[in-house]
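Each remark here refers to the structure printed beneath this line.
Computed over heavy atoms, backbone and side chain alike; hydrogens, waters and symmetry mates excluded. A, B, ... follow the sequence lines: proteins, then strands. Residue 1 opens every chain. In this text the structure is predicted, and so the values were computed from the model without any measurement.
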Protein chains: 2
Amino acid sequence: MITIYNRIHDTFGGEMMSIASDMIRGHTDTIILAHLMRNDSYGYEINKAIQTSTEGKYELKEATLYTAFRRLEQAGYIVSYWGDETTGARRRYYSITDLGRAFYEKNRAEWDEIRNMIDRLIEAD
Amino acid sequence: MITIYNRIHDTFGGEMMSIASDMIRGHTDTIILAHLMRNDSYGYEINKAIQTSTEGKYELKEATLYTAFRRLEQAGYIVSYWGDETTGARRRYYSITDLGRAFYEKNRAEWDEIRNMIDRLIEAD
DNA sequence: ATATATACCTCGCCTGTCAAGGTATTTTTT
DNA sequence: AAAAAATACCTTGACAGGCGAGGTATATAT
């Protein structure tokens with residue numbers, strides 16, 4: 001078993017940023033949108049869901065997560081609104097738009113192609 | 001059918017750099033090493049092989065390719081030597097090292113995990 | 001009282017990608 | 001014979017995503 005997350009990000013010596021990060025890159029948006037396809041949600045919950053779903057092998061860093069929200073909202077793929085919590089910390093909920101749904105479907109289809117492509121390309125035999 | 005490569009890289013307006021690029025990112029090194037696992041080769045040939053293997057759907061940009069060679073050589077995963085062509089343009093051949101082989105195997109194993117992980121994460125149902 | 005969990009956010013650096021530019025030789029087309 | 005395309009290499013500079021490190025505020029558990 002390989003733990004994907006928590007590769008060392010050593011600023012002093014050693015390589016910066018793990019391979020795993022770059023392997024996930026390009027899927028962040030789709031992963032978030034996949035969650036919003038099911039129901040509106042907020043950052044903290046989405047991240048927890050990812051961790052649970054991957055048995056702790058992967059988590060989005062907060063900075064990455066919130067950067068992605070800004071990017072997706074700017075692109076018109078999601079819209080946000082504040083929840084009306086009477087207790088606990090406030091939550092900013094996100095909702096996927098029709099544009100976002102289309103983008104999600106496109107990326108999902110693309111993934112099917114790319115997955116097979118990479119399978120073929122990294123074979124040594 | 002989706003053409004992975006040749007998404008527009010519009011510097012003026014529109015989104016910069018395509019999703020596809022980011023989906024491949026993190027596999028470039030492994031793809032190159034996979035080719036060198038079979039036999040020594042040189043940049044131009046490796047790139048042609050990738051294009052053929054993917055039916056033209058994907059190609060490494062030259063800048064990306066040569067950047068990767070520098071990176072891999074610096075890391076000790078490959079070594080290079082000039083071919084002794086008597087005709088045609090000179091070729092710089094690359095050879096994978098033991099360290100490179102180990103790195104390749106590690107990335108390959110990682111891919112198997114990550115592929116399944118992404119499959120699960122981008123499901124909407 | 002202190003620590004942990006929930007929940008949000010931004011700044012600035014790092015890294016891989018690649019457009020755009022270059023050089024030199026050989027083969028193919030006009 | 002001249003022009004174009006293919007082979008084959010290379011570097012520079014800008015860009016965008018990831019994320020460490022820092023921050024705020026409330027609620028619960030120790």
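- Between B:M23 atom CE and D:dA16 atom P the separation is 18 Å, expressed in whole Å.
- A donor-acceptor pair under 3.5 Å is formed between the side chain of B:Y104 and the backbone N or O of A:A124.
- Remark: P of C:dT17 and CD1 of B:I50 are 11 Å apart, rounded to the nearest angstrom.
- Side-chain nitrogen and oxygen atoms of B:T28 include none within less than 4.0 Å of the OP1 or OP2 phosphate oxygen of C:dG16.
- Straight-line distance from the CD atom of A:E85 to the P atom of D:dT28: 13 Å, rounded to whole Å.
- Surrounding CD of B:Q74 are at most 12 heavy atoms belonging to other residues, nucleotides or ligands under 6.0 Å away.
- Between A:A68 and A:T86, it is A:A68 whose nearest contact on DNA chain D lies nearer the 5' terminus.
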Q) What string of B, S and - do you get for nucleotides 6-13 of chain D 5' to 3' if you count protein non-hydrogen atoms under 4.0 Å? A) -BBBBB--
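- On a pure distance criterion of 3.5 Å, a polar donor-acceptor pair joins the side chain of B:R25 and the base of C:dG16.
- Between B:S21 and C:dC18 there is a side-chain polar atom (N or O) within less than 4.0 angstrom of OP1 or OP2.
- When hydrophobic residues (I, L, V, M, F, W, Y) are linked wherever their side-chain heavy atoms come within less than 4.5 Å, the members clustered with A:Y42 are A:Y44, A:Y81, A:Y93.
- In this structure, A:W111 and A:H27 have perpendicular ring planes: the angle between them is above 60°, well past the 30° mark.
- Judged by distance alone, the side chain of A:T97 and the main-chain N or O of A:G76 form a donor-acceptor pair under 3.5 Å.
- With rounding to whole Å, A:Q51 atom CD is found 13 Å from C:dA5 atom C1'.
- Here the P atom of nucleotide C:dA7 and the CD1 atom of A:I46 are 12 Å apart, to the nearest Å.
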Q: Decide side chain to side chain contact (heavy atoms under 4.5 Å, CB included) for B:I24 and A:L121; before the verdict, give the C-alpha distance in whole Å, the side-chain angles of both, and the deciding distance to 0.1 Å.
A: CA-CA 11 Å; B:I24 304 292; A:L121 288 173; 6.0 Å; no
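- For the pair A:R120 (side chain) and B:S53 (backbone), a donor-acceptor distance under 3.5 Å is present.
- As rounded to whole Å, 13 Å separates atom C1' of D:dG18 from atom CG of A:N47.
- In this entry the distance linking CG of A:L60 with P of D:dG17 reads 14 Å, nearest Å.
- Remark: P of C:dG16 and CD1 of B:I32 are 12 Å apart, rounded to the nearest angstrom.
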